[in-house]
Amino acid sequence: MSKQRILVIEDEHALQDILTYNLQAEGYEVLSATDGQQGLLKAQTALPDLVVLDLMLPVIDGLTICRQLRGDPKTRNIRVLMLTAKSEEVDEIVGFNMGADDYVAKPFKVKPLISRIKALLRRPTTDSSKQDVVAVHGLEIDRLNHTAKLNGGELALTPTEFKLLFTLARQPGRTYSRLELLDQARGEDANALERTIDVHVRALRAKLGPAADVICTVRGIGYRMVVERPAE
Ligand code: CA
C-alpha cells in the first residue's frame, strides 16, 4: 500500500516543522507550504489525501483555499482539517460552512491532533457525484430509483426529505450547515430561509421513527449523520 499523503499549509515555521516531523514518524508522506498560494497550488497538483490548513495565512487565507478545493471536482474529496487561532469561536462555524471536515483550535497538542488526522483518513471519502446507493444504519437510499428504506420497509419521503437524508447519509460524521443542506435540497434555488431545513429535518426524523437518532443536531451549525449509533 502506498503511503497516504498529507499537505501541511502553515506559515509558522516552528509549527510546520513539528507537524512534518510527527506525521513523517507516523509513516505519512508529508508536503508543506508556508503561504496560501503555494499551498493551494500544491493541493491541486499533488492531490493529497488530507490537508492540514491554517486559517490565517499569507497571500490566500485558509477559508478561500477550502472553498476553492471544494468547488473543484478534482480536489473536492480531499479531507481538510482546519487549524484556527485560540478562542476564535466563530471560526468553528465559518470553517464548517466553508466545508472543512474537522477543525482544531490552537494551541493544540500534537498527539490528539494526529489522532484526529488518522480518524479523518479512516473515514471513507465518497465521490458523491458517482454514488447512487447509500446503505447505513439500516437505511438504504437509492438515488436513481428514488427509494429510501429503513430495515427493509419503504419510507414515504417528500423530495426535500429524500435529498436531505441522502446528503447526510452519504458522509456520516460530516457536519453540514443549514445553508449547505438547503443548497443540496433545493439545488440552485436556495432562496428559502435556512430555518426551513429544521422543519424538513423534524419531519424526516418523525418518519425515521426509532432510527431518528441517526441524524444529530450540531448546535449553531446544522446537522450530521452519526458515525455510530448511540447505545440503545
Ligand atoms: Ca497562521
Side-chain angles (χ1 to χ4, degrees), residues 2-123 125 171 173-180 183 218-222 224 227:
S2 65
K3 282 185 180 182
Q4 283 182 303
R5 183 179 289 174
I6 298 175
L7 169 63
V8 179
I9 310 178
E10 168 60 70
D11 59 319
E12 286 172 53
H13 288 273
L15 201 49
Q16 173 73 254
D17 290 347
I18 289 168
L19 288 172
T20 301
Y21 174 83
N22 282 281
L23 289 167
Q24 280 174 343
E26 291 288 332
Y28 297 110
E29 180 189 343
V30 183
L31 304 171
S32 60
T34 50
D35 73 56
Q37 191 171 27
Q38 188 193 24
L40 182 60
L41 192 68
K42 280 198 182 175
Q44 288 163 335
T45 51
L47 297 177
D49 297 287
L50 182 143
V51 176
V52 177
L53 179 60
D54 188 27
L55 183 63
M56 304 294 280
L57 285 166
V59 194
I60 303 176
D61 66 86
L63 286 182
T64 307
I65 293 175
C66 197
R67 207 164 48 217
Q68 296 225 7
L69 293 178
R70 291 299 184 234
D72 180 351
K74 215 172 64 171
T75 53
R76 184 179 295 156
N77 290 306
I78 296 175
R79 302 159 181 91
V80 175
L81 184 138
M82 189 88 84
L83 300 178
T84 66
K86 192 174 121 185
S87 77
E88 283 175 301
E89 204 180 343
V90 66
D91 292 336
E92 182 175 316
I93 294 159
V94 174
F96 276 125
N97 274 329
M98 289 300 133
D101 296 291
D102 199 359
Y103 64 91
V104 170
K106 291 180 183 177
F108 53 80
K109 293 203 168 76
V110 172
K111 279 205 168 142
L113 179 76
I114 298 222
S115 303
R116 301 275 279 268
I117 288 173
K118 285 183 176 169
L120 268 183
L121 285 169
R122 274 197 305 269
R123 196 190 288 178
T125 56
Q171 266 185 296
R174 153 97 147 85
T175 297
Y176 289 87
S177 68
R178 290 185 175 82
L179 204 57
E180 273 182 290
D183 283 345
V218 183
R219 248 186 97 195
I221 301 171
R224 70 163 172 258
V227 177

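First listed ligand is number 1; within each ligand, the first listed atom is number 1. Count residues from 1 along the sequence.
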TODO: Apply salt bridge (Lys or Arg N to Asp or Glu O under 4.0 Å) to the pair D101 and R70, showing each step before the final yes or no.
DONE: CA-CA 11 Å; D101 296 291; R70 291 299 184 234; 2.7 Å; yes
Task: N/O donor-acceptor pair under 3.5 Å between Q16 side chain and E10 backbone - done: yes
Open item on the list: To make sure I understand the geometry: which N, O or S atom in D11 is closest to the Ca ion (ligand 1)?
Closed with: OD1
Open item on the list: Whether D49 and K3 form a salt bridge (side-chain N of Lys/Arg under 4.0 Å from carboxylate O of Asp/Glu) is what I want to check.
Closed with: no
Task: Atom of D54 nearest the Ca ion (ligand 1) (restricted to N/O/S, atom name only) - done: OD2
- [ ] Test T75 against L47 for side chain to side chain contact (heavy atoms under 4.5 Å, CB included), laying out the working first.
- [x] CA-CA 7 Å; T75 53; L47 297 177; 3.8 Å; yes
Task: the Ca ion (ligand 1) to nearest N/O/S of E12 below 3.0 Å - done: no
